[in-house]
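A short write-up of the structure that comes next.
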Amino acid sequence: TLENVALKRIERRLSKFLSDNSELTPRYVGGLLEMDASWISIARQPQIINVVEQRIGPDFLLWEVALFTKEAQMSDATPWQQDGEFWPIRPLAACPVWIALDTCTSESGCLRIVPESHRTRESFPIVLGSSEGLGEYRAIRDQSEAEANGQDVVLRRAQFCVYDVYTVHGRRPNLSAAPSRAMAMRF
């Protein structure tokens, strides 16, 4: 769990960024680190650094920060996917950190993962798709198997989870009356 001070810094920085860039939709804002290198200070939280180092060793860097927002009553689920499919890194030795900026429950569109899906260290076949709520996306082809085995990752505000680049994951639709925000930091 992040300290309250760190979470408040994230929220102040996000609020200013979105106010200064009102043309952006907060549904997905990638490249925050490219636009403002001060995001590195958030990533330097000991709670985050210690977990990332345990996963991928002491020689790593933060290369991307993104905001994900599920608006209230957003009926689109995020399809099952693997992050490595999107990333220009070879070999795939990366570690995503998912930080809940709001409490993320099954009703509000929490992250879902397929346990043990990273063990094979393979990228699964993908399909391209699009929807009004999500825009264009890439998803693993076998959505039904992932759906049958997926588990919700319920996080309280300021909690975070770390998963493997090969982990199959998605998000539920947000059926609640409040937005559900999360930040992804990629090391």
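Along the sequence shown, residues carry numbers from 1.
Residues Cys161 and Leu111 share a closest heavy-atom pair of SG-CD2, 3.6 Å. Annotation for Ser130 and Tyr137: closest pair N-CE2, 3.5 Å, computed over non-hydrogen atoms. The two residues Trp39 and Ile10 have their closest heavy-atom pair at CH2-O, 4.0 Å. Nearest heavy atoms, Arg156 versus Gln159: N-OE1, 2.7 Å. When all heavy atoms of Thr167 and Val114 are compared, the closest pair comes out as CG2-O, 4.3 Å. The minimum heavy-atom distance linking Pro173 with Ala77 is given by the pair CD-CB, 3.7 Å.
Arg186 contributes no side-chain N or O that, together with a main-chain N or O of Trp63, makes up a donor-acceptor pair within less than 3.5 Å. Remark: the backbone N or O of Gly31 is paired with a side-chain donor or acceptor of Glu64 at under 3.5 angstrom. A donor-acceptor pair is defined here as one N or O able to donate and one able to accept, closer than 3.5 Å; no such pair exists between the side chain of Glu136 and the backbone of Leu128. Although no hydrogens or angles enter the test, the distance criterion places no donor-acceptor pair under 3.5 Å between the side chain of Gln81 and the main chain of Ile140.
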Go through the steps for Arg157 and Asp102 under the test salt bridge (Lys or Arg N to Asp or Glu O under 4.0 Å), then give the verdict. CA-CA 5 Å; Arg157 177 177 147 81; Asp102 300 304; 5.0 Å; no

Evaluate the criterion side chain to side chain contact (heavy atoms under 4.5 Å, CB included) for residue pair Leu32 and Arg13; output intermediate values, then yes/no. CA-CA 10 Å; Leu32 289 172; Arg13 186 165 289 140; over 6 Å; no

Determine, step by step, whether Met185 and Phe160 satisfy the side chain to side chain contact (heavy atoms under 4.5 Å, CB included) criterion, reporting the C-alpha distance in whole Å, the side-chain angles of both residues, the deciding distance to 0.1 Å, and the verdict. CA-CA 10 Å; Met185 293 188 168; Phe160 63 90; over 6 Å; no

Run the numbers on Leu155 and Cys110 for side chain to side chain contact (heavy atoms under 4.5 Å, CB included), then give the verdict. CA-CA 8 Å; Leu155 298 171; Cys110 67; over 6 Å; no

Might you work through the side chain to side chain contact (heavy atoms under 4.5 Å, CB included) test for Glu145 and Val168, ending with a clear yes or no? CA-CA 11 Å; Glu145 183 176 336; Val168 174; over 6 Å; no

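Here ring-ring contact (aromatic ring centres under 6.0 Å, His included) pairs that include residues 165-187, with residues two or more places apart or in two chains, are Phe60-Phe187, Tyr163-His169. Listed by first and then second residue, the side chain to side chain donor-acceptor pair (under 3.5 Å) pairs that reach into residues 43-61 come to none, sequence neighbours excluded.
Taken to the nearest 0.5 Å, the CZ atom of Arg172 stands 14.0 Å off from the OG atom of Ser75. We find the CG-CE distance between Leu33 and Met35 to be 9.5 Å, quoted to the nearest 0.5 Å.
Checked by atom type, the side-chain pair Ser144/Asp142 shows a donor-acceptor distance below 3.5 Å. Neither side chain, Asn174 nor Ser180, offers a donor N or O lying under 3.5 Å from an acceptor on the other. In this model, a donor atom of one side chain and an acceptor atom of the other lie less than 3.5 Å apart for Thr78 and Lys70. Arg9 and Ser41 are not linked by any side-chain donor-acceptor pair at a separation below 3.5 angstrom, with hydrogens and angles left out of the test.
Cluster annotation: Ile42 is connected to Val51 through the hydrophobic network of ILVMFWY side chains, with a link wherever side-chain heavy atoms come within less than 4.5 Å.
No side-chain heavy atom of Gln82 sits under 4.5 Å from any side-chain heavy atom of His118.
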